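I have placed the structure first, in the form of structure tokens, so that the comments after it can refer back to it.
Proteins get letters first, then strands, A, B, ... in listed order; numbering begins at 1 in each. Keep in mind the model is a prediction, meaning the values are calculated, not measured.
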Amino acid sequence: MIELEKVYNPKAVEDRWYKFWEEKGFFHAEPSGSKKPYCVVIPPPNITGILHMGHALNNTIQDILIRFKRMQNFETLWMPGTDHAGIATQNVVERKLLEKGARRQELGREKFLEEVWKWRDEYGSTIIKQLKKLGCSCDWARTRFTMDEGLSEAVLEAFIRLYDKGLIYKGDYIINWCPRCQTALSDEEAQHKDIEGMLYYIKYPIKKVTSNQKPVTRKKKTQDSSLKTQGYIVVATTRPETMLGDVAIAVNPKDKRYKNLKGETIILPILNRELVVIFDPLVDAKFGTGALKVTPAHDPVDFRLGLKHKLKPINVMNPDATINENGGEFNGMGRFEAREAILEDLKGSKLFVKLEPHRHSVGHCYRCHTMIEPRLSAQWFVRMKPLAKRAIEVVEKGRIKFFPTRWTKVYLSWMENMRDWCVSRQIWWGHRIPVYYCKNCLGQRTENRKQKTEDNAGIIVSKIKPEKCPDCGGTDIEQDPDVLDTWFSSWLWPFSTLGWPKDSPELKYFYPTSSLVTAQEIIFFWVARMIMAGLEFMKDIPFRGIYIHGTVRDDTGTKMSKSLGNIIDPLDMIEKYGTDALRFSIISITAQGQDVFLSESKFERGRNFANKIWNASRFILMNLKAEEIDVDLCAFFKAMKLGLADRWILSRFYATLTAVEKFLESYRFNDAAGAIYEFFWHEFCDWYIEMSKAEIQSKAKQVILYKILEKSLRMLHPFMPFITEEIWQGIPHEGDSIMIQKWPHIQGQMISREAESDMAAVIELVSAVRNMRADWNIDPAMQVDILINAPGKGLQGLLAENLTSIKNLARVGNLTVGEMDKPAGSAAVVLANAIDLFMPLEGLIDARKEASRLSGQLKKIGQEASSISGRLKDKNFLTKAPMEVVEKTRAKLKELKERQGKLEDNLKTLKL
RNA sequence: GGGCGCAUGGCGCAGUUGGUUAGCGCGCCACGUUGACAUCGUGGAGGUCAUAGGUUCGAACCCUAUUGCGCCCACCA
């Protein structure tokens with residue numbers, strides 16, 4: 001028998017076992033006829049990522065599922081990989097090049113991409129290495145990257161299929177534009193943040209040409225007299241710089257204040273452009289002055305108004321958000337600089353009215369946090385409505401289920417209101433859009449500008465560059481310079497990684513996958529789109545269950561992020577506490593779907609538990625004899641008459657196992673971890689091991705200690721893979737590794753109510769003696785005598801049978817069981833089942849103190865008894881409550897009355 | 001503006017079909033180094049389950065409203 005080291009050293013064993021598992025090929029899964037498939041979808045971390053607590057939580061959960069299912073004999077595939085994170089990666093590499101003084105634009109597209117690939121080869125797998133440290137049992141041989149050949153092929157295929165179905169189109173719309181990254185972003189990539197902005201009120205003069213000109217006045221009295229200015233209309237805006245692109249003033253048709261504005265012409269201050277007045281219900285009469293300046297090129301609402309009222313947009317900004325030549329004297333200024341200059345100008349010409357603080361929500365780039373500038377530009381879009389329809393159905397019909405269920409509603413309401421997806425990005429790193437333009441055809445088109453998007457002449461959608469234009473035969477062909485949104489490749493992940501568009505065996509076997517485990521932040525970006533893509537391209541759902549876990553926050557509740565510096569680095573925690581401790585800790589504090597508030601001290605729980613497992617195992621191993629435990633379990637159970645503790649711990653083990661399985665199946669990981677923790681520590685260690693010490697050499701104890709330990713290790717393995725492997729390898733075992741052992745089989749017949757309630761009586765008794773010792777301040781080294789007055793042979797038998805254990809656990813010298821009266825000068829306590837416990841302490845007992853102790857007990861019991869008897873007198877309760885509840889309550893009252901009576905007797909003898 | 005989540009002993013949290021005495025970890029107090037474990041053991045103190053109503057024989061749990069905190073979504077110029 002191997003002896004375990006005195007202290008468990010995680011670092012010493014983790015790498016070794018991980019390599020062992022990997023080399024043995026235990027992580028690998030193949031389509032197999034004999035086993036059922038089980039596959040989880042791993043959210044591909046982006047290649048610029050480093051492991052943070054969110055990843056640690058997410059991947060621990062997935063690894064628990066995977067290891068659990070693997071042990072249950074499923075063919076388990078956990079396919080890892082990374083996505084190329086177009087914008088993020090391009091930013092990182094650009095910054096890196098800039099340090100060397102090189103700029104992307106100067107390098108040129110090809111050279112730059114070479115640099116990105118170089119960077120990716122060097123750093124892109126950091127996160128993969130870190131996942132290995134976490135113990136993740138991914139099939140690394142199948143690692144995929146969204147820019148791999150196969151996955152890129154899938155992207156082009158998907159684009160072309162959608163285009164052919166008319167689900168992809170190019171058009172001029174207002175999109176979210178990041179002036180720093182200089183690219184379009186999807187709606188999801190624009191993160192809205194509340195900011196303290198200003199609402200600026202500006203006078204726009206009314207042109208006085210018409211004969212019936214009347215000054216405009218506000219009918220409604222306001223305290224702000226400045227708004228009454230005649231000959232002007234006052235508008236309110238948060239972005240005065242966009243006024244350079246104004247083409248109209250809009251008011252609500254029902255707004256009586258402005259009805260006489262019909263047919264008037266407004267003069268745009270500074271640029272002196274003539275603006276028309278339009279009437280549209282879209283304008284909220286209650287906001288600001290009720291008059292809206294219309295800038296179709298720089299605001300989504302204005303853009304819609306523009307389309308509706310046939311206004312020609314004027315773009316006044318360059319891609320970097322500086323003012324362009326349309327901005328007159330402000331040409332070249334940055335957007336905020338221009339804002340100040342314009343305000344100065346307006347103040348100078350007395351057209352500035354006032355400003356007031358205005359809190360509103362503004363989009364920011366999710367990669368660089370720069371304020372988004374809504375911008376009119378030509379982009380590629382995916383039509384979402386037709387895709388969303390089926391994705392809504394499969395969730396409504398329950399084919400895909402969210403855990404916790406509340407996310408269903410969030411998902412559905414988002415899906416129902418989704419707008420078309422802008423998929424083109426003005427960057428270089430990514431899948432280049434498979435669209436080619438014939439310059440000849442396009443040249444003709446510009447002459448006839450109206451056709452624009454309706455006419456596809458000159459647009460060739462193709463995986464490879466066409467030799468010549470199919471329309472005109474021209475050879476002057478150029479590919480669209482833009483690339484696709486990274487999510488356009490990620491949304492294909494569940495099947496593109498399995499070989500799609502090829503019809504691979506993997507695809508057939510593992511698709512649809514089983515579970516998706518992810519964070520709430522990513523539902524819209526990724527989860528919803530995977531469902532749409534799966535239904536569109538595979539004609540089937542991508543996964544059946546979606547488990548949304550909480551967000552990891554620090555102990556003040558703020559989301560952990562590098563910029564805030566409130567990061568707890570999982571790798572540091574692994575270094576300090578060990579991987580298993582990290583995994584167990586984080587899983588046990590994560591209630592289903594609730595956010596996780598983390599502080600470093602929380603990892604102590606896992607570490608302490610690992611330590612406990614280690615020491616208990618060490619103790620068992622020290623006392624185990626190999627020849628004793630080499631038995632056939634069935635024969636053993638037939639031959640052996642097991643004691644109460646043995647039957648109890650077996651019952652508790654199988655009850656725990658049942659609960660753990662149930663919890664894992666329903667994504668209740670903290671409950672599963674809690675059940676194991678409670679069982680192993682507070683039942684197996686605190687009671688069974690302690691009770692077995694006296695007769696540890698006996699056959700029964702040898703076998704059961706070994707079996708419970710071995711099975712517990714298997715039950716624990718998905719949670720704490722390393723320590724369980726290390727110990728398992730040290731005890732007698734068959735097979736190469738615990739990770740490919742069978743998950744313990746539930747033996748329902750071993751679960752015994754009787755054993756559990758009998759044991760509860762013993763535990764109560766031992767606790768009571770300990771309690772009395774503490775109350776009387778008795779030296780723990782000193783043995784006490786205990787007399788037990790137990791009515792009925794059954795109880796006496798039970799206690800007699802466990803005499804040794806009770807004596808040892810409670811440090812009792814003489815223990816007498818029988819029927820007796822309370823000896824004089826003894827302390828007493830009354831237990832359930834009307835058991836009296838007397839502790840004769842001649843000379844030590846202070847009658848007054850004992851009396852107050854007893855009356856304390858009496859008071860507690862009395863209160864309880866009276867509340868219960870009150871309930872039992874209630875006619876409604878008796879008639880309406882279920883019989884079993886009434887019976888139970890009656891039994892309880894009877895029991896309490898008995899105890900009450902006994903306590904009173906005890907008190908009486910004391911006073912006499 | 002819409003939606004969601006959370007309020008339970010000093011702190012952090014469990015508590016899934018409403019049913020005896022509301023649990024756990026940390027912290028606290030007392031005692032303890034009995035050969036697995038001080039990353040430990042034994043015992044203990046500490047809660048009118050945010051507030052106000054309602055449903056019910058019975059509510060931490062279901063319903064309504066209120067307050068506080070947090071999050072998500074939104075074309076709040």
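A donor-acceptor pair shorter than 3.5 Å cannot be found between the side chains of A/Asn670 and A/Ser588. There is a side-chain donor-acceptor pair under 3.5 Å between A/Lys625 and A/Gln697. Looking only at atom types and distance, the side chain of A/Glu604 has no donor-acceptor partner in the side chain of A/Ser601 under 3.5 Å away. Side-chain contact, A/Tyr366 with A/Glu189: a donor N or O sits under 3.5 Å from an acceptor N or O. When only modelled atom types and interatomic distance are considered, A/Asn252 and A/Asp284 share no side-chain donor-acceptor pair under 3.5 Å.
Close to B/G44, at under 4.0 Å from its OP1 or OP2, lies a side-chain N or O of A/Asn771. Here A/Asn608 reaches the OP1 or OP2 of B/C40: one of its side-chain N or O atoms lies under 4.0 Å away. Checking the phosphate oxygens (OP1, OP2) of B/G5, no side-chain nitrogen or oxygen of A/Gln594 falls inside 4.0 Å. Between A/His360 and B/A77, a side-chain N or O to OP1/OP2 separation shorter than 4.0 Å is present. Between A/Lys693 and B/G35 there is no side-chain N or O to OP1 or OP2 distance below 4.0 Å. Residue A/Trp681 has no polar side-chain atom (N or O) positioned under 4.0 Å from OP1 or OP2 of B/A36.
Nucleic acid contact for A/Ile868: sugar-phosphate only, since backbone atoms but no base atoms lie under 4.0 Å from a heavy atom of the residue. Residue A/Pro374 is classed as having no contact, given no heavy-atom separation below 4.0 Å to the nucleic acid. Using a 4.0 Å heavy-atom criterion, one finds that A/Asp299 contacts no nucleic acid atom at all. Across all strands shown, A/Val294 has no heavy atoms under 4.0 Å from either base or sugar-phosphate atoms. As judged by a 4.0 angstrom heavy-atom cut-off over every strand, A/Lys860 is placed among residues making no nucleic acid contact. No contact: A/Thr889 has no heavy atom under 4.0 Å from any strand. Using a 4.0 Å heavy-atom cutoff across all strands shown, A/His682 reaches sugar-phosphate atoms only and no base atom. As judged by a 4.0 angstrom heavy-atom cut-off over every strand, A/Ala781 is placed among residues making no nucleic acid contact. Residue A/Phe609 is classed as having no contact, given no heavy-atom separation below 4.0 Å to the nucleic acid. In this structure, A/Lys576 reaches neither bases nor backbone, as no heavy-atom distance under 4.0 Å exists between it and the strands shown. Among the heavy atoms of the strands lying under 4.0 Å from A/Ala881 is at least one base atom, whether or not backbone atoms are also near. Within the nucleic acid shown, A/Arg419 comes within 4.0 Å of sugar-phosphate atoms alone, with no base atom in reach, counting heavy atoms only. Counting any heavy atom pair closer than 4.0 Å across all strands shown, A/Trp776 reaches no nucleic acid atom. Counting any heavy atom pair closer than 4.0 Å across all strands shown, A/Lys612 reaches a base atom.
Under the ring pair (Phe, Tyr, Trp, His ring centres under 6.0 Å) test applied with A/Phe584, the options A/Phe603, A/Trp681, A/Phe609 reduce to a single match, A/Phe609.
Atoms CG (A/Asp302) and P (B/C76) sit 12 Å apart, rounded to a whole Å. When the C1' atom of B/G35 is taken as reference, atom CG of A/Asn623 falls 10 Å away, rounded to whole Å. In this entry the distance linking CG of A/Leu872 with P of B/U20 reads 14 Å, nearest Å. Between A/Leu292 atom CG and B/C75 atom C1' there is a gap of 11 Å when expressed in whole angstrom units. B/G1 atom P lies 13 Å from atom CZ of A/Arg359, rounded to whole Å. Regarding A/Glu895, its CD atom lies at a distance of 12 Å from the C1' atom of B/U21, rounded to whole Å. One can place CH2 of A/Trp407 at 10 Å from P of B/C73, the figure rounded to the nearest angstrom. The NZ-C1' distance, from A/Lys409 to B/G3, rounds to 7 Å in whole Å.
Taking atom C1' on both B/G19 and B/U56, the two are 12 Å apart, rounded to the nearest angstrom. The separation of B/C69 from B/G12, taken at their P atoms, amounts to 16 Å, rounded to a whole angstrom. Taking atom P on both nucleotides, B/C62 is separated from B/G18 by 8 Å, rounded to a whole Å. Comparing the P positions of B/C63 and B/U55 gives a spacing of 15 Å, expressed to the nearest Å. Atom P of B/U42 sits at a distance of 46 Å from the matching atom of B/G54, rounded to the whole Å. A distance of about 47 Å separates the P atoms of B/C57 and B/A74, rounded to the whole Å. Here the separation of B/G15 from B/U8, taken at their P atoms, is 14 Å to the nearest Å. Using atom C1' as the reference point in both B/U48 and B/A59, the two lie 14 Å apart (nearest Å).
Place A/Lys6 and A/Thr238 on RNA chain B by their nearest nucleotides, and A/Lys6 ends up nearer the 5' end. When the nearest nucleotides of RNA chain B are assigned to A/Arg607 and A/Lys293 by heavy-atom distance, the more 5′-ward of the two goes with A/Arg607.
Note on ring orientation: taking the six-membered ring where Trp is involved, the planes of A/Phe303 and A/Tyr173 are perpendicular (angle over 60°, cut-offs 30° and 60°).
For A/Phe524, the side-chain atoms get nearest to B/C73 when compared with the rest of B/A36, B/C73, B/C37. Here the side chain of A/His192 is nearest to one of B/G43, B/U20, B/C75, namely B/C75. The A/Met622 side chain lies nearest to B/A36 when the options are B/A36, B/A14, B/U20. Taking the side chain of A/Phe619 as heavy atoms from C-beta on, and the options B/A36, B/A74, B/U21, the nearest nucleotide is B/A36. Taking only side-chain atoms of A/Asp686, from C-beta outward, the nucleotide of B/U42, B/C57, B/A36 with the closest atom is B/U42.
With hydrogens and angles ignored, a donor-acceptor pair under 3.5 angstrom links the side chain of A/Glu690 to the base of B/A36. Put simply, the side chain of A/Lys892 and the base of B/U21 share a donor and an acceptor less than 3.5 Å apart. For B/C4, the base has no donor-acceptor partner in the side chain of A/Arg406 [N/O atoms by modelled type, under 3.5 angstrom].
A/Arg339 is linked by a side chain to side chain donor-acceptor pair (under 3.5 Å) to A/Glu241, counting only residues two or more places apart in sequence or in another chain.
The CZ atom of A/Phe619 lies 5.5 Å from the OG atom of A/Ser692; values are rounded to the nearest 0.5 Å.
With the 3.5 Å cutoff on both pairing distances, Watson-Crick and G-U pairs in RNA chain B assemble into runs of at least 3 at B:1-7 with B:67-73, B:10-13 with B:23-26, B:28-32 with B:40-44, B:50-54 with B:62-66.
A/Tyr677 carries A/Arg605 over the face of its six-membered ring, with the cationic atom under 6.0 Å from the centre and within 45° of the normal.
Between A/Phe402 and A/Trp407, a ring centre-to-centre spacing not shorter than 6.0 Å is recorded.
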task: Start with the C-alpha gap between A/Glu575 and A/Lys11, add the side-chain angles, then the distance that decides, and say whether salt bridge (charged side-chain N to carboxylate O under 4.0 Å, His left out) holds.
output: CA-CA 7 Å; A/Glu575 185 71 18; A/Lys11 269 190 276 182; 3.1 Å; yes
